[in-house]
Amino acid sequence: MREHDPLVTQRIEKMEDLRRDGINPFANDFKVTHSTHDILREFQDKGNEDLDKTKERFSLAGRIISVRDFGKSVFLHIRDRKGKIQIYIRKDLIGEDNFKVFKKFDIGDFIGIVGRPFQTRTQELTIMVESVKLLTKSLRPLPEKWHGLVDVETRYRQRYLDLIVNPEIREIFYRRTRIIQLIREFLNERDFLEVETPMMQSIPGGATARPFKTYHNTLDMDLYLRIAPELYLKRLIVGGLERVYEINRNFRNEGISTRHNPEFTMLEFYQSYATYQDFMDLTEEMLANIAENLFDNLRFEYQDVVLDFTPPWRRITIKEAIMEYGEVGEDVLGDKEKLIEYGQKTGLQLDRGMSLGHLLGHVFEEVAEPNLIQPTFVTNYPTDVSPLSRRNEGNPEEVDRFELFIFGREIANAFSELNDPIDQKKRFLAEIGQEGETVEVSGLLDKDYIKALEYGMPPAAGEGIGIDRLVMLFANVASIREVILFPQLKTRE
RNA sequence: GGGCCGUUAGCUCAACUGGUAGAGCAACUGACUCUUAAUCAGUAGGUCGUAGGUUCGAUCCCUACACGGCCCA
């Protein structure tokens, strides 16, 4: 934006005029007694006969968002955090000098008003203003009132503008916070302890992803932004806290898309003496509870599809899912050569060096995942793609794990925790040794975590839920950027 | 990383496939004391994303780049 934007220059001149008249364009001595919402709630349904009896005077503040000027009287709408209300300013009521000052106010300015409510002829509850005060002069014009701000790039880069002119965007972020509050209440009620664990880790573990690397000067050491809190939360399980959770940011130095932001919010929770089976029940209950709270309904619309959160949700093994949606026999899934052949027919590029488990994972993602629209728990994951999960008692090639899919997207990942330190060390080393993977992606061996397990970690289940993706569902938006206030964009110039 | 699309006034959008750009809102001037996309009259506002190229002439055609969107990996 140019420095000499004439619209800005004009407003700076107005501001200087006001200063000359003794008006502080950035005053901060106005006391607010009511929000727009307070007034509307209390008086919306009252007639003027009742309203005229009101002796009380109300102080409100907000940003001017529209003006209808009649010369000696003016209608405006002001917006505050709770909504908007119409105000009516008359020259004969506030006096000629004050009215002259008021005429220098613009759309975008913050003002404080004192007045009383009345009903207009068109039955809109409005504040009759008895005094008006400039609180902040706005020096830049706002986007248009009718279409709002549409340009997606500007909406993300200047989210404040988006929030000012597109009230439905505010709603998304109110809802996001509400969802997180509901999750906290749900877990707190069940005696989970909310904790905070390091965002900066010397060994980035708990997931397979490329981390952001940074450096600590005084300690003279490399640090990584965490890709997951998992290994720290499980240390707390070793420490005997039994039930812990954390809602916080993870960082992954990977691609950006409608479903990926480099920093994203993750809920992870761990419960001693629970199993992944218990967590399927818990997850159903938790998410159904959110739907119930938000919509008074377990069915709601997402992107023209009705999602039904009524428990119980479908539970299906990864192999069953591939067989059903890929229309393929069980014999293929147990045979590496046949599976590669099948996978390539579906357009997948598969590497012969991959394990059977990894091949199954890729084929599942290709043929089944997009079809899992209604909430579906997928279970019986191969052990070699689940280095932190407990092996299944009956089949050590599989683990006691599920992933939850909704609308073809992974929403949650949970498992009974591997608490055998010997097996854990073996599996870490196998993971680190993965062909073609750099140390930065597959991680380093976290010896202290093994040591912690050696002291003994009680049997436990753990789960991670991607909060941003969850909010996308409940807010009915298609891009993760719509549920993150300041999504990552490339800097300009 | 690849493909497709987009970038024009503060904002939202036009410009009929080459002849140096228009509207609505916002702004400014004036009128108007119940409007709500207020109304009426007038005024001003543009390096057409950036850099090259083709051409007598480019917002338009070509190339590269930047940023963004969607899809794919």
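Protein chains get the first letters and strands the later ones, always in sequence-line order, with residue 1 at the start of each.
Taking a pair as Watson-Crick or G-U with both hydrogen-bonding distances under 3.5 Å, the stems of three or more pairs touching RNA chain B are B:1-7 with B:66-72, B:10-13 with B:22-25, B:27-31 with B:39-43, B:49-53 with B:61-65.
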Protein and nucleotides 49-51 of chain B: nitrogen or oxygen contacts under 3.5 angstrom:
none

Collect all protein-nucleotide pairs involving nucleotides 70-73 of chain B in which both atoms are nitrogen or oxygen and the distance is under 3.5 Å.
{"from": "B:C70", "atom 1": "OP2", "to": "A:Arg481", "atom 2": "NH1", "distance (Å)": "3.0"}

What are the atom names and distances for every N/O pair under 3.5 Å that joins the protein to nucleotides 3-6 of chain B?
none

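Base contact: A:Asp92 has a heavy atom under 4.0 Å from a base atom. Residue-level contact check: A:Leu142 touches neither bases nor backbone, having no heavy atom under 4.0 Å from any strand.
Here, B:C56 and B:U39 have their P atoms 50 Å apart, quoted to the whole Å. On the C1' atoms, B:A31 is 45 Å away from B:G68, given to the nearest whole Å. Comparing B:G45 with B:A9, their P atoms sit 15 Å apart, to the nearest whole Å. Comparing the C1' positions of B:C60 and B:G6 gives an interatomic distance of 15 Å, to the nearest angstrom. B:U63 and B:A23 have their C1' atoms separated by 34 Å, with the value rounded to a whole Å.
Near-neighbour residues of RNA chain B inside residues 53-60 of chain A, defined by a heavy atom below 4.0 Å, are absent. For RNA chain B, the neighbouring residues in residues 69-87 of chain A, judged by any heavy atom under 4.0 Å, are A:Asp69, A:Phe70, A:Gly71, A:Lys72, A:Ser73, A:Phe75, A:His77, A:Gln86.
No hydrogens or angles considered: nothing links the side chains of A:Glu398 and A:Tyr381 as a donor-acceptor pair under 3.5 Å.
Take A:Arg20 and apply the salt bridge (Lys or Arg N to Asp or Glu O under 4.0 Å) test, not counting sequence neighbours, and it matches A:Asp17. Every residue meeting the side chain to side chain donor-acceptor pair (under 3.5 Å) condition with A:Glu144, not counting sequence neighbours, appears here in chain and number order: A:His147. Partners of A:Glu56 according to the side-chain contact (heavy atoms from CB on, under 4.5 Å) rule, which considers only residues two or more places apart in sequence or in another chain, are A:His34, A:Thr54, A:Phe58. Residues passing the side-chain contact (heavy atoms from CB on, under 4.5 Å) test with A:Lys91 are A:Lys72, A:Glu96, A:Phe99, sequence neighbours excluded.
Applying the 4.0 Å criterion to OP1 and OP2 of B:G68, one finds that A:Arg157 has a side-chain N or O inside that range.
At a cut-off of 3.5 angstrom, counting only N and O atoms as typed in the model, there is no donor on one side facing an acceptor on the other between the side-chain of A:Glu144 and the base of B:G10.
Projected onto RNA chain B by closest heavy-atom contact, A:Pro143 and A:Gln123 fall at different nucleotides, the more 5' of which corresponds to A:Pro143.
We find that CZ of A:Arg140 is positioned 11 Å from P of B:G10, with the value rounded to whole Å.
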Validation: residues 322-329 of chain A side-chain donor-acceptor distances under 3.5 Å, sequence neighbours left out:
{"from": "A:Glu324", "atom 1": "OE1", "to": "A:Arg314", "atom 2": "NH2", "distance (Å)": "2.5"}
{"from": "A:Glu324", "atom 1": "OE2", "to": "A:Arg314", "atom 2": "NH2", "distance (Å)": "3.4"}
{"from": "A:Tyr325", "atom 1": "OH", "to": "A:Arg314", "atom 2": "NH1", "distance (Å)": "3.0"}

Taking distance alone, no hydrogens or angles, what donor-acceptor pairs closer than 3.5 Å link side-chain atoms of residues 39-52 of chain A to residues at least two apart or in another chain?
{"from": "A:Lys46", "atom 1": "NZ", "to": "A:Glu42", "atom 2": "O", "distance (Å)": "3.4"}
{"from": "A:Asn48", "atom 1": "OD1", "to": "A:Gln119", "atom 2": "N", "distance (Å)": "2.6"}
{"from": "A:Asn48", "atom 1": "ND2", "to": "A:Gln119", "atom 2": "O", "distance (Å)": "2.9"}

